[in-house]
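Single-structure report; data block below.
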Amino acid sequence: MTFRFSPRPNRASEIAWRPWGDKAFQEAQVADKPVLLAISAVWCHWCHVMDETSYSDPEVIRLINERYVPVRVDNDERPDVNRRYNMGGWPTTAFLTPDGEIVHGGTYVPPDAMRSNLAQVADLWSSQRSELAQRLAELREKENEARAPKTGDLSFQIIDQVGSLVRGQYDPQFGGFGREPKFPQPRLLRFLLDEHRRFGYPEIATMLHRTLGAMAGGGMYDHVEGGFFRYSTTRQWEIPHYEKMLEDNAELLAIYAEAHRSFPSAGYDRVVRDVIRWMDATLWQPDKTLWAGSQDADEHYYTLDSADERAKHDAPFVDRTAYTGWNALAASAYWAAWSALGDEVFETRAHEAMGAIARRLFDAQTKALHHFDAVDGAKVVDLLADVATALAASLDAYETGLHPGALGGAIAMAITLRDRLEDRAGGGFFDAPEGRREPGRLGRRERPIEENALAAEGLLRLAALTGESEWRELALRALRSFVGEYRQWGQFAASFANAVARALAEPLVVTVVGAADDPLATALWRRARASTDPAGSLHRLVPERRDDRDNPTDAELLRKLGFPADRVAAYVCIGTVCSAPIADEAALGRALDEAARRHTHPD
């Protein structure tokens, strides 16, 4: 395996790093040595500093090589390892027993402290092993109790409580949530945007405008090349951490695109085009038709004031690894941008990326979804975050009306959720499939609330489109399994609250039937796609359309839905009740406006 170190001079490669896996931990058990786990990231500034300082210190190198089995993990490649062992940020420096339990740890450790920690932990392992083992066993038992699902009923109270928490965290002076460091938190912003779409509360619009304007207008945004940095070190959004992530930019792109749809005069379209400008120029890889993962931090480069000045310097390093979940997020964001601005180039790029995921990252024989395009044989498959984002992106592709086969892709991801990731005992989904030979804490699967919420929301959308109640029940079981614990997740429960809101609302499904080039069908579809109802789903059915194997696709779905194939019309269905055929754009608009007024909220 190839390890990635700081691009600046360092001696970190002199440490005998092993990749994560059974082999390293078996070696530690045979040698009776603790494990030093370093979780790094190619874009991480302080990870590079750690390589250049502590991991380049001769005494540190000697102590690690003599008294430890050192294991190095890339956060982006192994988010499942990071989830279990992160000690508060990157780099993570964790001291483990040979069976993978945490003895001690932190983030960046300077050379003096590192030398001291290495000696102390090794001595502790040699002299106080039995006491240490007992203490770790007690901690593990408490953790197992805490992880058990705590089920309950879904209610509007969940949405209200999360909303109150979000409002309590809001910074009215500078926008955003909390003080410093200040992260953009796109999933929290999406919850607020959908709450505004549901109820129209003006104070939510104020929170959104203040936050979106401050982020795009301050130092967290690259005003020369476009794109958002990872977070701001200051409350005022002035001084960023300069790395740029595909994940963050994709989610923020989607937020600004959707905000433009809700607030078309606010100027968010400029931000949408600017973020896409950076993503196209810097991350897009034409040979893969996928986006790269990240661009490195470089404070000097990013503080240059103009494109001409930057052209005189080498641009920061770009990690060309293509990560499945992040690319699915980016495809969804480009489709959101296409819906908001109408630029066909955005739609084409999103479709290219999803096609590449299907060809390069999905194994058609095993039905396994790979986490990234590994070149060294590493196989990390069917992670919940990847499956959930691919499900959402497939549904977004389908709802363009241009890619009917994407509904089959969405169903394939739902089957993976059900068959490989569901917690059948307690409900919800594990972050990784069962049966992997993984050491340490990876033997105990986790149930992350944000990824569960994304999966549940995708399943609710799929159920509304297919009429298959199985997917809705699967989603409801997942959401119910977090009712007893969502409060402890704080503002990270925003995605959960949003999924609960969709679950409690009657689904709105708008179906437009007619030939692909029919003017009336085109007008009806344009009006249907203009809806921003958070509970909405869309069918564009072309009776004569056939798939790549010349099989009818839309005609079969029409028969299932019970709509005639020979009439150009739209149908608005709320729950199980559908309207009469609508053959007028203005009438469809009135029907959708009436559907939007169905949102009620108990006192």
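Heavy atoms only: backbone and side chains are in, while hydrogens, waters and symmetry mates are out.
Under a 3.5 Å cut-off, the side chain of D298 and the backbone N or O of D296 do not form any donor-acceptor pair. Of the possible polar contacts, none joining the R190 side chain to the A494 backbone as a donor-acceptor pair under 3.5 Å is found. Checked by atom type and distance alone, the side chain of T321 never pairs as donor or acceptor with a backbone atom of G293 at under 3.5 Å.
Considering all non-hydrogen atoms of both residues, A455 and L384 come closest at CB-CD1, 4.2 Å. Nearest heavy atoms, A390 versus M354: O-CE, 4.2 Å.
Other residues, nucleotides and ligands contribute over 12 non-hydrogen atoms within 6.0 Å of the CD atom of E238. Enclosure of atom CZ in F492 is not indicated, since only 12 or fewer non-hydrogen atoms of other residues, nucleotides or ligands lie within 6.0 angstrom.
For the 3.5 Å distance criterion, the side chains of S6 and E52 qualify, holding a donor opposite an acceptor. Between the side chains of Y242 and H300, no donor N or O sits under 3.5 Å from an acceptor N or O. A donor atom on one side chain and an acceptor atom on the other are not found under 3.5 Å apart for W335 and E399. For the residue pair Y334 / D343, no side-chain donor-acceptor distance below 3.5 Å is found, with atom types taken as modelled.
Electrostatic pairing of R83 and D80 does not count as a salt bridge here, judged by no charged N lying under 4.0 Å from a carboxylate O.
Here the rule is ring pair (Phe, Tyr, Trp, His ring centres under 6.0 Å) with H196, and of Y201, F191, F263 only F263 fits it.
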Please determine whether ring-ring contact (aromatic ring centres under 6.0 Å, His included) holds for the pair Y231 and H241, giving the CA-CA distance in whole Å, both sets of side-chain angles, and the decisive distance to 0.1 Å. CA-CA 6 Å; Y231 68 91; H241 249 232; 4.7 Å; yes
Between R447 and I449, is the side chain to side chain contact (heavy atoms under 4.5 Å, CB included) condition met? List the steps. CA-CA 6 Å; R447 297 168 58 258; I449 192 170; over 6 Å; no
How far apart are the C-alpha atoms of Y302 and Q295, what are their side-chain angles, what is the distance that settles it, and do they pass the side-chain hydrogen bond (donor to acceptor under 3.5 Å, both in side chains) test? CA-CA 12 Å; Y302 286 121; Q295 187 172 25; 3.1 Å; yes
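Contact of the Y85 side chain with the R441 side chain is registered, since non-hydrogen atoms from C-beta on lie closer than 4.5 Å.
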